[in-house]
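In what follows, a structure is listed as structure tokens, so that the remarks can point back to it.
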Amino acid sequence: MYDAVDYVRMPELPEVEMARRFVEERLIGRRVASLDVKDGKMLANASERSMKNVFIGNTVDDAYRHGKNLLVKIGDHHLHIHLGMSGSLHLVNDRENTSHERFRLGLDEGALVLDDPRRFGRFGIYHRIEDLIMEKELGPDALTVPEKVFVSRLEGRRGSIKPLLLDQSIIAGVGNLYADEALFQERLHPATRADSLSITEMARLGKRIRKVLDASITVRTELSRLPEGFLLRDRREGAPCPRCATALMAIRIGGRTTILCPACQSQRAKQ
DNA sequence: GAGTATGTTATATG
DNA sequence: GCATATAACATACT
């Protein structure tokens, strides 16, 4: 059986951080011997030929993450991987394959494989990480953004808070699940307008986002191992609110399913 | 078959 | 520019 990153959920920041640590622990110092693009549709900004030219013969030096983007430094360039909705990384033996193999980086021994059933993932080349951040217009990384910076990026916005948290140009890395968790813990209704929040409330929310992401990383993104009181331990319509036992409800905001506690997260008069 | 899915991007409308 | 809504991408699962 191949050696895999042990998550199965759709990747948000903590899951990508697990993938980054996986690459850091297992691949640094190893030489790239071959490279195969198994699904050309998933090539983001480079050709298979250019990727071979840039990476083969060089050594894996480091692994970085910005939001949900993974960047593996190989020689003078970075292999960029976005896991999309269903991507995962695996270290396999030379003769092993995963069921939905889309990209294979052959090493001196074994290979790094990107497996992705739904094919929403992407891979490509960036010379500098800053190039990716500018091109994709990514905000600061959600795990490390200082509260003051978080507040400044929300100021002046009038939309509902939840879609703003999911907007990668405001802060990078928050997805649908962790947005729900942070808003639940702050007792904020997801439709609360950003301009109805006080500076203090915004700062608290920024801090809460970091704490929630960090808590997930601490339990290796196994959500059932999160501390008591976390919504994500049992996030589904009808489940009891971990704080007041009221049945959780599902609504749609910004086109995304949102789970909240109607008692703890009351709407404000001014919406 | 219908409905759902945790991401991103494009397009349209006001 | 901003906010909102919708579709599209491709596949798996209930």
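What you see is a predicted model; the values in this text were computed from it and never measured. Each chain gets a letter, A, B and so on, in the order the sequences are listed, and its residues count up from 1. Atoms considered below: every heavy atom in the structure, side chains included; atoms not considered: hydrogens, waters and symmetry mates.
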Point to revise | Greater than 12 external heavy atoms within 6.0 Å of A:E109's CD | key: no
**Study point:** Upstream residue (5' side of DNA chain B) when A:R118 and A:L166 are each assigned their closest nucleotide
**Key:** A:R118
Review point. Under 4.0 angstrom, heavy atoms only, what part of the nucleic acid is A:G255 near: base, sugar-phosphate, or nothing?
Key: nothing
Practice item. Answer with yes or no after comparing the ring centroid distance for A:H82 and A:F123 against a 6.0 Å cut-off, counting only values under it. Key: no
**Study point:** Hphob cluster co-occupancy, A:I209 + A:L188, side-chain heavy atoms under 4.5 angstrom
**Key:** yes
Exercise for review: Could you check how far CZ of A:R252 sits from P of B:dT6, rounded to whole Å?
Suggested key: 8 Å
Review point. Hey, does the side chain of A:H82 come within less than 4.0 Å of B:dT8's phosphate (OP1/OP2), counting only N and O?
Key: yes
Review point. Does NZ or CZ of A:R235 come closer than 6.0 Å to the centre of the six-membered ring of A:F184, within 45° of the ring's axis?
Key: no
Review point. Closer than 4.0 Å, any side-chain N/O of A:K41 to the OP1 or OP2 of C:dA10?
Key: yes
Point to revise | Interatomic distance where CD1 belongs to A:I253 and P belongs to C:dT6 [whole Å] | key: 14 Å
Point to revise | Nearest to side-chain heavy atoms of A:L177, which nucleotide of B:dT9, B:dT6, B:dT8 | key: B:dT6
Exercise for review: Check the distance between B:dT8's P and A:R122's CZ and give it to me in whole angstrom.
Suggested key: 12 Å
Review point. Among the nucleotides C:dA12, B:dG7, C:dA10, which one has an atom lying closest to any side-chain atom of A:H100?
Key: C:dA12
Check your understanding: Is it true that A:Y126 and A:H78 have ring centroids separated by less than 6.0 Å?
Key -> no
Practice item. Would you mind pulling out the nucleotide paired to B:dT6, Watson-Crick or G-U wobble, both distances under 3.5 Å? Key: none
Exercise for review: If C:dA10 has a Watson-Crick or G-U wobble mate with both distances under 3.5 Å, name it; if not, just say none.
Suggested key: none
Check your understanding: Between A:Q168 and B:dG7, is there a side-chain N or O to OP1/OP2 distance below 4.0 Å?
Key -> no
Exercise for review: Would you classify A:R236 as touching base, sugar-phosphate or nothing, given that sugar-phosphate means primed atoms plus P, OP1 and OP2, and contacts are heavy atoms under 4.0 Å?
Suggested key: nothing
**Study point:** A:R158 vs C:dC2: side-chain N/O to OP1/OP2 distance below 4.0 Å
**Key:** no
Check your understanding: Would you say A:R233 has more than 12 foreign heavy atoms packed within less than 6.0 Å of its CZ?
Key -> yes
Review point. How many Å lie between CD1 on A:I170 and P on C:dA3, as a whole number?
Key: 8 Å
Exercise for review: Send over the distance from A:F120 CZ to C:dC9 C1', rounded to a whole Å.
Suggested key: 4 Å
Check your understanding: Using a cut-off of 4.0 Å on non-hydrogen atoms, how would the nucleic acid contact of A:R157 be classed: base, sugar-phosphate, or nothing?
Key -> sugar-phosphate
Exercise for review: Would you mind reading off the distance between A:L83 atom CG and C:dA10 atom P, rounded to a whole angstrom?
Suggested key: 18 Å
Check your understanding: If you check the A:S160 side chain, which of B:dT8, C:dT11, C:dT4 turns out closest?
Key -> C:dT4
Check your understanding: How far, in whole Å, is C:dA7 from B:dA2 if one measures between their P atoms?
Key -> 15 Å
Point to revise | Phosphate contact (B:dT8 OP1 or OP2) by A:K68 side-chain N/O below 4.0 Å | key: yes
**Study point:** Separation of atom CD1 in A:I259 from atom P in B:dT6, rounded to whole Å
**Key:** 10 Å
Check your understanding: Over how many whole Å does the gap from A:E12 atom CD to B:dG7 atom C1' extend?
Key -> 9 Å
Exercise for review: Report the nucleotide, chosen from C:dA10, B:dG7, C:dT4, that has the shortest atom-to-atom distance to any side-chain atom of A:N176.
Suggested key: B:dG7
